There are 2 protein chains.
Amino acid sequence: MSRRTRSDSSLQGIPEATIARLPLYLRALYALADRDIASVSSEELAAAAGVNSAKLRKDLSHLGSYGTRGVGYDVDYLIYQVSRELGLTQDWPVVIVGAGNLGRALANYGGFASRGFRVAALLDSDPAVIGSVIAGHRVRAADEIERVVSDYGVMIGAITAPAVAAQGICDRLVAAGVTSILNFAPVVLSVPDGVDVRKVDLSIELQILAFHAQRRSVVRVLHRGEPGVGVAASNGSPAAAKRTLALDGDGQVRAEAVGS
Amino acid sequence: MSRRTRSDSSLQGIPEATIARLPLYLRALYALADRDIASVSSEELAAAAGVNSAKLRKDLSHLGSYGTRGVGYDVDYLIYQVSRELGLTQDWPVVIVGAGNLGRALANYGGFASRGFRVAALLDSDPAVIGSVIAGHRVRAADEIERVVSDYGVMIGAITAPAVAAQGICDRLVAAGVTSILNFAPVVLSVPDGVDVRKVDLSIELQILAFHAQRRSVVRVLHRGEPGVGVAASNGSPAAAKRTLALDGDGQVRAEAVGS
DNA sequence: CCGACTTTGTGCAAACGTTCACAAGAGCGT
DNA sequence: ACGCTCTTGTGAACGTTTGCACAAAGTCGG
């Protein structure tokens with residue numbers, strides 16, 4: 001049991017929360033390697049990655065015992081181990097469907113190629129865009145999804161197309177054999193079991209920020225002793241016109257509540 | 001008692017996980033409203049948002065008792081309540097720093113303006129870009145951060161600049177009074193207490209996908225009766241292993257796995 | 001070789017999040 | 001008014017994640 005083999009950890013067992021942090025550690029490790037730092041303690045690495053050191057140690061312990069007590073972790077060795085765990089020692093051809101602003105941003109993204117990902121093709125359905133060259137790739141017709149997936153052995157697809165087109169594209173990707181999808185369109189994709197979908201939604205992130213910002217401003221107002229924000233008083237609510245949303249004076253109730 | 005007031009919930013209590021899902025519900029609700037659907041059950045709404053119905057009900061219960069037993073939720077009313085909770089009944093001017101591909105994508109993003117967010121200004125430090133018009137905004141010099149934040153009362157900033165510039169931009173935004181930051185640069189930003197940072201990292205999402213994709217292929221290979229990935233053979237010394245980075249046959253494993 | 005010092009790896013408990021399962025409530029037909 | 005049906009809101013069980021605190025295991029100076 002001193003030597004933890006891959007079967008212990010990889011086959012089934014690394015917590016999802018840990019997986020989500022490994023790329024963070026990897027990035028911090030590469031930054032250290034660039035500065036020719038050969039060894040790093042959990043404390044230092046944790047600081048660089050913006051997490052708690054105990055958490056970092058526990059995360060890394062899921063991969064195996066790759067540190068040296070009293071010393072720390074060997075940077076290069078850890079880079080290799082984390083990369084291997086994440087599957088980055090191999091090359092992943094990615095197809096990007098949708099050559100709009102987001103698709104271009106993705107294709108041009110530097111951190112893309114540098115970590116084992118390679119743009120296999122950039123597709124779009126707009127005839128005006130097809131044929132143009134973006135980030136060194138000639139944009140191909142969206143019709144070619146199946147051919148591209150098959151020709152390049154693509155297993156990862158990024159959908160950067162408009163929301164209405166997303167599900168259709170997704171279906172075609174899946175039918176063609178893609179099992180991992182990165183979805184930028186603001187829709188919930190439905191996929192068969194065994195297909196992994198991750199979503200990135202800019203609007204959602206902004207809304208979460210707005211929530212906290214609003215909370216802060218309400219608190220601040222209270223601390224200054226002002227009664228309420230007076231936002232719900234008259235205006236604003238989308239539904240207010242349609243329905244009798246008279247309600248309890250929300251701004252005030254909320255204001256009083258947050259105060260404590 | 002029976003009527004749960006906002007004080008119960010907002011006081012200090014909505015779980016972060018719930019907040020993160022509210023925008024999802026909101027999107028689903030708007031889709032329903034567009035189809036003139038007036039009422040929806042937790043089951044239906046949950047399906048539309050891609051979550052479990054019990055979770056949805058518990059999430060909504062944190063906002064208050066806005067449903068009707070035996071019937072469901074009134075779509076318009078719930079839209080209003082969720083919007084209010086998220087702070088979307090007011091307008092949020094956002095400054096975007098970095099007018100590269102990502103900044104343009106963000107500025108052009110439709111779901112942006114439609115939910116209470118408004119691009120106050122688009123900034124860049126490249127003289128070649130300053131002055132050009134993107135999504136109806138004349139790009140201004142990055143030097144104007146302080147002026148823009150002050151003039152428009154900006155509380156949210158999006159950093160779409162290169163990684164090396166991100167921390168500097170962040171510091172200036174914070175100094176100017178911005179308390180919510182959406183960071184697209186692949187760096188860990190350090191900010192004083194009270195400032196909220198959310199990050200979107202395309203590369204991290206891809207790496208997480210790669211992990212699962214790799215896992216799938218390894219598992220599939222193993223199920224076909226192959227013993228194991230021959231890596232545990234090497235001994236435990238980091239120093240020794242550091243030099244022997246002889247890769248186990250990853251390419252093969254993957255190639256075989258692809259055929260499903 | 002030893003003792004002081006450093007840092008990892010992990011047992012444990014608390015916090016947090018998810019899911020089940022069902023009582024309580026609301027509408028509806030008779 | 002009553003019982004039937006439907007759906008919410010939530011207590012309780014369960015699983016996951018975090019963070020503390022410390023033993024184990026290493027380095028290093030003398």
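Convention: sequence-line order gives letters A, B, ...; per-chain numbering from 1. Quick caveat: nothing in here was measured; it's all calculated off a predicted structure.
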- Item | Side chain of Ala17(A) - closest among dG27(C), dT18(D), dG9(C) | dT18(D)

- Query: Between Ser41(B) and dT7(D), does any side-chain N or O lie under 4.0 Å from OP1 or OP2?
  - Reply: no

- Task: Could you tell me the separation between the CD atom of Glu16(A) and the C1' atom of dT18(C), rounded to a whole number of Å?
- Result: 15 Å

- Just compare dT27(D), dA26(C), dC20(C) and give me whichever is closest to any side-chain atom of Thr68(B). dA26(C)

- Task: Counting heavy atoms from C-beta on, name the nucleotide in dT27(D), dG11(D), dC12(C) closest to the side chain of Lys58(A).
- Result: dC12(C)

- Nearest-nucleotide wise, let me know which of Val71(A) and Ser42(B) is further upstream toward the 5' end of DNA chain D. Ser42(B)

- Task: Using distance alone, with no hydrogens and no angle criterion, decide if Arg84(B) and Thr89(B) have a side-chain donor and acceptor under 3.5 Å apart.
- Result: no

- May I ask you to check whether Ser180(A) and Arg216(B) show a side-chain donor-acceptor distance below 3.5 Å? yes

- Note on the structure: All heavy atoms of Met155(A) vs all of Trp92(A), minimum pair found to be SD-CZ3, 3.9 Å

- Item | Ring centroid separation Tyr77(A) to Tyr66(A) under 6.0 Å | yes

- Ignoring hydrogens and angles, tell me if any N or O in the side chain of Arg27(A) forms a donor-acceptor pair with the backbone of Pro186(B) under 3.5 Å. yes

- Task: Could you tell me the separation between the NE2 atom of His62(A) and the C1' atom of dT18(D), rounded to a whole number of Å?
- Result: 12 Å

- Measure the distance from CD1 on Ile19(A) to C1' on dT16(D) and round it to the nearest whole Å. 14 Å

- Could you state the atom-to-atom distance from OH of Tyr66(B) to P of dG9(D) in whole Å? 11 Å

- Message: If you only use heavy atoms from C-beta on, which nucleotide in dT8(D), dT10(C), dG19(D) is closest to the side chain of Arg57(B)?
- Response: dT8(D)

- Query: Looking only at side-chain N and O atoms, does Ser65(A) come under 4.0 Å of OP1 or OP2 in dG9(C)?
  - Reply: yes

- Whole Å only: how far is the CG atom of Asp74(A) from the C1' atom of dG26(D)? 15 Å

- Query: Does the dG17(C) base have a donor-acceptor partner in the side chain of Lys55(B) within less than 3.5 Å?
  - Reply: no

- Quick one: is Asn52(B) getting a side-chain N or O under 4.0 Å of the dG17(C) phosphate, OP1 or OP2? no

- Task: Give a yes/no on whether any side-chain N or O of Tyr73(B) is located under 4.0 angstrom from OP1 or OP2 of dA26(C).
- Result: no

- Quick one: Leu56(A) CG to dC20(D) C1', roughly how many Å, whole number? 16 Å

- Examine the base of dT7(D) for any acceptor or donor lying under 3.5 Å from a partner atom in the side chain of Arg69(B), and report the outcome as yes or no. no

- Nearest whole angstrom, please: distance from the C1' of dG9(C) to the CG of Leu78(A). 14 Å

- Query: Hey, which of these two, Glu43(B) or Pro15(A), hits DNA chain D nearer its 5' end, going by closest nucleotide?
  - Reply: Glu43(B)

- Message: I need the CG-P distance between Asp59(A) and dT18(D), as an integer number of Å.
- Response: 7 Å

